[in-house]
Structures are given as structure tokens and as C-alpha cells.
Q: 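I'd like to ask some things about the structure below.
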Amino acid sequence: MADKASLVKLEDFDGEVEEHWQEAEGSKVLDSNGEEVGTVEEIYVWEEPGTVHLIEVSGEERSFLIPVHAVTNADEEGVKVEQSKQRIMESPEFDSGDAVPDDEARKGVFQHYGYTDPLDLGA
């Protein structure tokens, strides 16, 4: 069974991720209608396959996580998400400080968005 040690912040990741993710921190996050919902605060990488797994978004009033499964595009305009602003704003609050999301936070956000987390499949 996977544990939270499988996730690391992008800055602590020794491997390489797809190029567009390397510049995504600080980018705007846009909902399915192109409306801004916040800014990419942190990117969490699943170490074993070397893929982005979660993004932490800093919104107007709080921070929250979005699974990479919800991202439809990441480019110079920002990180585009297939969810509505309302759905995003209802997501569980997450304030990392220096911590990587624990199992409870990770599972909660995947459940909120309706995605199956590959970490829970023992992948």
C-alpha cells in the first residue's frame, strides 16, 4: 500500500516532470468557463512514476488541492481545470505549510472531485 512518502513537492523531486509543469507554479488556475479561481501555490509529484499528482491552489480566501486528473491543459495562459468554480470552491481546505498532503487530505480531495486516486489502487 502506498503512503504519503510517495508524494513530494516539485522542488524536492529529483527526476523530471513534463515541461509545462516546471513553469506552472505561480500560474493562474482557470475553471471550466475560463474564470480564475486562484494561483498554483505548490505542485506535488508522485515519485515512483515521476508524474504530477496534485496541485495546491491559493484562492481568494483559502488554499485547496486539485487532482491532476481535473487538469485539461497547462500553458502560458494558466492551468485549466474541467471543474466549475463552484465545485472547486467547495473543495476541502488545505494549507500545507511545509507538509505534503497526508493520506486523509489526498483521499478527501480525490473523493470530492469524483476521481479514483491511483495511489489507492496500489499502483
Side-chain angles (χ1 to χ4, degrees):
M1 172 120 175
D3 62 12
K4 66 181 179 183
S6 300
L7 291 179
V8 295
K9 292 181 178 186
L10 178 60
E11 64 203 38
D12 297 329
F13 182 58
D14 291 332
E16 289 193 25
V17 295
E18 291 182 51
E19 197 170 301
H20 60 267
W21 285 115
Q22 296 168 21
E23 304 298 321
E25 286 183 5
S27 296
K28 292 187 288 189
V29 178
L30 307 169
D31 75 354
S32 57
N33 295 317
E35 198 173 335
E36 188 173 343
V37 294
T39 306
V40 176
E41 191 73 28
E42 196 71 64
I43 296 173
Y44 298 99
V45 177
W46 183 9
E47 276 190 296
E48 189 55 43
T51 57
V52 173
H53 196 68
L54 292 165
I55 59 174
E56 181 181 347
V57 178
S58 176
E60 288 179 22
E61 300 172 14
R62 62 193 184 91
S63 294
F64 46 87
L65 296 168
I66 298 178
V68 73
H69 299 63
V71 174
T72 58
N73 196 24
D75 58 25
E76 63 280 346
E77 289 180 34
V79 176
K80 297 176 182 103
V81 184
E82 67 183 6
Q83 303 286 340
S84 69
K85 184 172 186 173
Q86 179 179 353
R87 179 78 175 228
I88 294 166
M89 292 302 164
E90 292 171 349
S91 66
E93 187 167 352
F94 179 76
D95 186 10
S96 67
D98 290 327
V100 171
D102 62 18
D103 285 349
E104 185 180 341
R106 178 181 55 76
K107 289 177 182 185
V109 78
F110 270 85
Q111 184 176 11
H112 172 76
Y113 287 101
Y115 299 110
T116 300
D117 187 342
L119 286 176
D120 290 333
L121 299 176

Q: Any donor and acceptor pair, going by atom type alone, linking the side chain of Asp31 with main-chain N or O of Asn33 inside 3.5 Å?
A: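 Judged by distance alone, yes, a pair lies under 3.5 Å.
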
Q: Can you hop from Leu54 to Leu30 via hydrophobic side chains spaced under 4.5 Å?
A: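 No, separate clusters.
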
Q: Suppose we call two aromatic rings close when their centres sit under 6.0 Å apart. Are Phe64 and His112 close by that rule?
A: no

Q: Can you give me the closest heavy-atom contact between Val52 and Val68, atom names plus distance?
A: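 Heavy-atom minimum between the residues: O-CG1, 3.1 Å.
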
Q: Where do Ala99 and Phe94 come nearest, in terms of heavy atoms and distance?
A: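 Looks like O-CZ, 4.2 Å.
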
Q: Could you tell me whether Lys80 and Asp75 have a side-chain N and a carboxylate O separated by less than 4.0 Å?
A: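 So Lys80 pairs with Asp75 through a salt bridge.
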
Q: Nearest heavy-atom pair of Ser63 and Ser58: which atoms, and what distance?
A: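 Taking Ser63 first and Ser58 second, the nearest heavy atoms are OG-CA, 3.8 Å.
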
Q: If we count only N and O atoms by modelled type, under 3.5 Å, do the side chains of Tyr113 and Gln83 hold a donor and an acceptor together?
A: no

Q: By the definition side chain to side chain contact (heavy atoms under 4.5 Å, CB included), identify the one residue from Met89, Lys28, Gln86, Glu60 that meets it with Val37.
A: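 With Val37 as partner, side chain to side chain contact (heavy atoms under 4.5 Å, CB included) holds for just one option, Met89.
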
Q: Where do Val17 and Gln22 land on the side-chain contact (heavy atoms from CB on, under 4.5 Å) test, with the steps shown first?
A: CA-CA 7 Å; Val17 295; Gln22 296 168 21; 4.0 Å; yes

Q: Below 4.5 Å, heavy atoms only, C-beta onward: do Ser27 and Thr39 meet side chain to side chain?
A: no

Q: Kindly indicate whether the side chain of Arg87, heavy atoms from C-beta on, has any atom under 4.5 Å from the side chain of Ser32.
A: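 No, their side chains stay 4.5 Å or more apart.
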
Q: Between Glu25 and Leu10, is there a side-chain heavy-atom distance shorter than 4.5 Å?
A: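 Yes; the side chains approach each other to less than 4.5 Å.
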
Q: For Glu23, does the CD atom sit with more than 12 other heavy atoms under 6.0 Å from it, leaving out its own atoms?
A: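 Not buried by this count: 12 neighbours or fewer within 6.0 Å.
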
Q: One pair to check against side-chain contact (heavy atoms from CB on, under 4.5 Å): Glu16 and Trp21. What are the steps and the verdict?
A: CA-CA 10 Å; Glu16 289 193 25; Trp21 285 115; over 6 Å; no

Q: Does any part of the side chain of Val8, heavy atoms only, come nearer than 4.5 Å to the side chain of Tyr44, both counted from C-beta?
A: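 Tyr44 does not reach Val8 side chain to side chain.
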
Q: Would you say Glu104 has more than 12 foreign heavy atoms packed within less than 6.0 Å of its CD?
A: no

Q: Using a strict 4.0 Å threshold on nitrogen-to-oxygen distance, state whether Arg62 and Glu93 make a salt bridge.
A: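 Judged by the 4.0 Å cut-off on N to carboxylate O distance, Arg62 and Glu93 do not form a salt bridge.
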
Q: Step by step, work out the side-chain contact (heavy atoms from CB on, under 4.5 Å) result for Ile88 and Ile66.
A: CA-CA 8 Å; Ile88 294 166; Ile66 298 178; 4.2 Å; yes

Q: Charged N to carboxylate O below 4.0 Å: is that the case for Asp103 and Arg106?
A: yes

Q: Under the criterion side-chain contact (heavy atoms from CB on, under 4.5 Å), I'd like the reasoning laid out for Leu7 against Trp46: C-alpha separation, chi angles, the key distance, then a yes or no.
A: CA-CA 5 Å; Leu7 291 179; Trp46 183 9; 4.2 Å; yes

Q: Testing the basics here: between Tyr115 and Pro67, what is the closest heavy-atom pair and its distance to 0.1 Å?
A: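 In this case the closest contact between Tyr115 and Pro67 is CD1-CG, 4.0 Å.
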
Q: Does a donor on one side chain and an acceptor on the other come within less than 3.5 Å for His69 and Asp117?
A: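 No, no side-chain donor-acceptor pair sits under 3.5 Å.
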
Q: Counting only heavy atoms not in Glu48, do more than 12 fall under 6.0 Å of its CD?
A: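 Counting other residues, nucleotides and ligands, CD of Glu48 stays at 12 neighbours or fewer.
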
Q: Check whether any side-chain heavy atom of Val81 lies under 4.5 Å from a side-chain heavy atom of Val29, and answer yes or no.
A: yes

Q: Within this structure, what is the CD-NZ distance for the pair Glu42 and Lys9, rounded to the nearest 0.5 Å?
A: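 Glu42 CD to Lys9 NZ: 4.5 Å, rounded to 0.5 Å.
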
Q: Give the minimum heavy-atom separation between Ser6 and Leu119, together with the two atoms involved.
A: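 For Ser6 versus Leu119, the nearest heavy atoms are CB-CD2, 4.1 Å.
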
